[in-house]
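Here is the structure we will look at, set down as structure tokens.
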Amino acid sequence: MLQSAPTLILALCIAGLLSAELWRSYWAARQDGERTVFNLVHVLSEQTARTVQSIDLNIQDIVKELSDNPSLPDNDADFRAELHNRLSTLPYVRAIFVIGPDGFITHDTDYPTTPHVSLADRQYFKAHVDDRSPALHIGPPLMSRSVNRWFISLTRRIEGKDGRFAGVVVAAMEPRYFKEFYQKLWVGDGTIALLLADGILLTRSPTDEGVVAKSFADAEPFKSLLSRGNRGVLWSESPIDGVRRVVGYQRLESAPLVMLATLNEHDVMEPWRSHAMIELSGAGILLVLLVILQWLAWRYRRREELAQQRLERTQRLESIGRFAGGVAHDLGNLLRVIRSSVLLLRPTVSDRPEALGVLDELDGSLDSGRELVNQLLSYARDRQFQAGATDLARLITDVLPILKQAAGPRISIVKTFADVRAICVIDDAQFRATMVNLVLNARDAMPSGGAIFIDLRLVGERKADNRPAWAEVAIRDEGTGMSEHVRKQAFDPFFTTKGPGSGNGLGLNQVADFIERCAGQAELVSEEGKGTTVKLRFPVSEADDASDTGR
């Protein structure tokens, strides 16, 4: 846990730095969007102000000329030509006309196609009748009665020399001009709009005829804009299409108009999303590399620990082996002396059958002792592993008397198999020692007596010829069993639960070592109170019909 702490701290640092960078870049993207829309609306406001100022200057000139010439006849050709000249310099104005005090047109650039109707009902005419101010008046969009198109009226009052109302000069500015100009500016899914100061929409791009001349004075964001001052930026949803946008606005100083420009929040934040995706991908790759490095470090440490454990185990086993080898040699020498004595005694008691029987039993015990010596030498590596093809069924049958003797009078040995032919390449002596070892362990697990069951069967199949792959020898007892903790350590060297003086913890480890040298498998199945089963699996010889060596 402590070894992974630096990696965890580094991962948290990466996550913290990533979060800080994403937070910083997020607000930077929003600020960039606000600056962009603020600059855009400022440029558009300047362009709109110059357009209105250019129209107004021409209207003022016409008002002065008419005030100076009150007797100018209606539809005077020279005056109409002058109006056309002025109109040619104003591409955003469709027509210029003059309305007399009675509401009828007296001069018109569209003459003679304009219908002769009274315009006294038009709002821009009424505004000047009621208001004596000569200031420029910009009216809401109206549908032209002559050409059936929207226009925005820019008008000024004409006064006679006596100060009485003498008519109105009108410049019909077309919203289409602004739409065409706005469409040349890329704003993505944003909008550009021009409104009167009272919230009436004059024109909008993209075009939406359904909202032209509609008042947005009580709708957001225009309602908030009116209370924020002459210019600014805010984030709001459009009352027209419901899309959330960053809104830049500016109230013109020279005219009662408000310029509005918006950028879609999705378009504004798109660079940040791309940046965030790159940052997240990079951080993800880095974290994956950290995890891989941590795993490799853990794996390396684990290998080192296992190597150290194997080294320690080897060193301990070598020490035990040298000790066992010394004891085995000394014991072997002693057995040879005893056997020599037995050989010397035989001729002297040839006429005494009872004494010869005793010597025969002693000779058999010497054979068992010799097997034990061989077992010790094998553990000490002083005796080479002598493997040969052997029938396990015959070998188990041969070793049964020794097993019964090792089990003692209170334990019965039960062979539960018959007619099984299992030819395996093993060392007969070590197999016998292994069986004795397991029976002794089973006996110790049944202090009150019981039975030990020995079974042999063929399991698994070889892919090559579908013949049995393993010969499994199972030794099962009815003893006290093992806990899971003990079971997992049972094959470890020097591990024992028998207490001081009752075991050295090498028995099962020797079994595991023998099975490993036979290229086999060992499995221990146990449960407290339900006995223990040790399963030894040996590879079945491919030439299972090989002659039994009979060793």
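Model, not experiment: these values are computed from the prediction.
Ser254 has its side chain out of reach of Val52: every pair of non-hydrogen atoms, C-beta onward, lies at least 4.5 Å apart. Glu528 has its side chain out of reach of Glu484: every pair of non-hydrogen atoms, C-beta onward, lies at least 4.5 Å apart. The closest side-chain heavy-atom distance from Arg244 to Glu237 is below 4.5 Å. No side-chain heavy atom of Cys518 sits less than 4.5 Å from a side-chain heavy atom of Val425. Inter-residue side-chain proximity for Val233 and Val41 is flagged as unmet; no heavy-atom pair is nearer than 4.5 Å. In this structure, Arg122 and Ile99 have side chains that are not in contact, with every pair of non-hydrogen atoms separated by 4.5 Å or more.
With sequence neighbours left out, the side-chain contact (heavy atoms from CB on, under 4.5 Å) criterion links Asn75 to Arg80, Tyr111. Legend: residues meeting side-chain contact (heavy atoms from CB on, under 4.5 Å) with Arg476, ordered by chain and number and at least two apart, are Phe453, Thr533. With sequence neighbours left out, the side-chain contact (heavy atoms from CB on, under 4.5 Å) criterion links Trp295 to Trp298, Arg299. Residues forming a side chain to side chain donor-acceptor pair (under 3.5 Å) with Asp68 (at least two apart in sequence, or on another chain): Lys64.
Shortest non-hydrogen contact noted between Pro539 and Trp470 is N-CE3, 3.7 Å. Considering all non-hydrogen atoms of both residues, Leu87 and Arg94 come closest at CD2-O, 3.7 Å. Counting all heavy atoms, side chain and backbone alike, Arg204 lies closest to Leu201 at CB-CD2, 4.1 Å. Contact detail for Ser526 and Met482: the closest heavy-atom pair is OG-N, 2.7 Å. Across Arg164 and Arg157, no two heavy atoms sit closer than the pair C-NH2, 4.2 Å. Taking every heavy atom of both residues into account, Ser45 and Gln250 meet most closely at OG-CB, 3.4 Å.
Atom-to-atom distance recorded for Ile55:CD1 and Thr89:OG1 is 10.0 Å, nearest 0.5 angstrom. Rounding to the nearest 0.5 Å gives a distance of 6.0 Å between CD1 of Ile62 and CG of Asn58. The structure places OG of Ser144 at 8.0 Å from CG of Asp110, a figure rounded to the nearest 0.5 Å. Here the CE atom belonging to Met143 is positioned 10.0 Å from the CZ atom belonging to Phe151, to the nearest 0.5 angstrom. For the atom pair CD of Glu523 and CD1 of Ile515, the computed distance is 12.0 Å after rounding to the nearest 0.5 Å. To the nearest 0.5 angstrom, Glu46 atom CD is 11.0 Å from Thr51 atom OG1.
Using a 4.0 Å cut-off between charged side-chain N and carboxylate O, Arg24 and Glu21 make a salt bridge. By the 4.0 Å N-to-carboxylate-O rule, Asp56 lies close enough to Arg156 to be salt-bridged with it. The pair Glu82-Arg86 counts as a salt bridge, with a side-chain nitrogen and a carboxylate oxygen less than 4.0 angstrom apart.
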Might you work through the side chain to side chain contact (heavy atoms under 4.5 Å, CB included) test for Val37 and Val268, ending with a clear yes or no? CA-CA 10 Å; Val37 76; Val268 171; over 6 Å; no
After noting the C-alpha distance and the side-chain angles of Leu202 and Leu257, does the key distance pass the side chain to side chain contact (heavy atoms under 4.5 Å, CB included) rule? CA-CA 9 Å; Leu202 299 180; Leu257 298 173; 3.5 Å; yes
For Phe97 and Leu119: C-alpha separation, side-chain torsions, deciding distance, then whether side chain to side chain contact (heavy atoms under 4.5 Å, CB included) applies. CA-CA 11 Å; Phe97 53 94; Leu119 301 178; 4.0 Å; yes
Could you give me the CA-CA distance, side-chain angles and deciding distance for Glu305 and Arg302, then say whether salt bridge (Lys or Arg N to Asp or Glu O under 4.0 Å) is met? CA-CA 5 Å; Glu305 291 173 357; Arg302 181 60 180 166; 3.7 Å; yes
Let me see the working for Thr106 and Leu72 under side chain to side chain contact (heavy atoms under 4.5 Å, CB included), right down to the final yes or no. CA-CA 10 Å; Thr106 57; Leu72 187 68; over 6 Å; no
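Looking at Val170, Thr155, Asp131 one by one, the single match for side chain to side chain contact (heavy atoms under 4.5 Å, CB included) with His137 turns out to be Thr155.
Sequence neighbours left out, the pairs with a member in residues 273-282 that pass salt bridge (charged side-chain N to carboxylate O under 4.0 Å, His left out) are Glu270-Arg273. Screening residues 21-64 for ring-ring contact (aromatic ring centres under 6.0 Å, His included) gives Trp23-Trp27, Tyr26-Trp272 as the qualifying pairs, with residues at least two apart or on separate chains.
Residue Glu253 places its CD atom among 12 or fewer non-hydrogen atoms of other residues, nucleotides or ligands, all under 6.0 Å distant.
Counting only distance, with no hydrogens or angles, the side chain of His84 and the backbone of Thr109 share a donor-acceptor pair below 3.5 Å. Counting only distance, with no hydrogens or angles, the side chain of Asp76 and the backbone of Phe79 share a donor-acceptor pair below 3.5 Å.
Relative orientation of the Phe104 and His116 rings is parallel, given thresholds of 30° and 60° on the angle between their planes.
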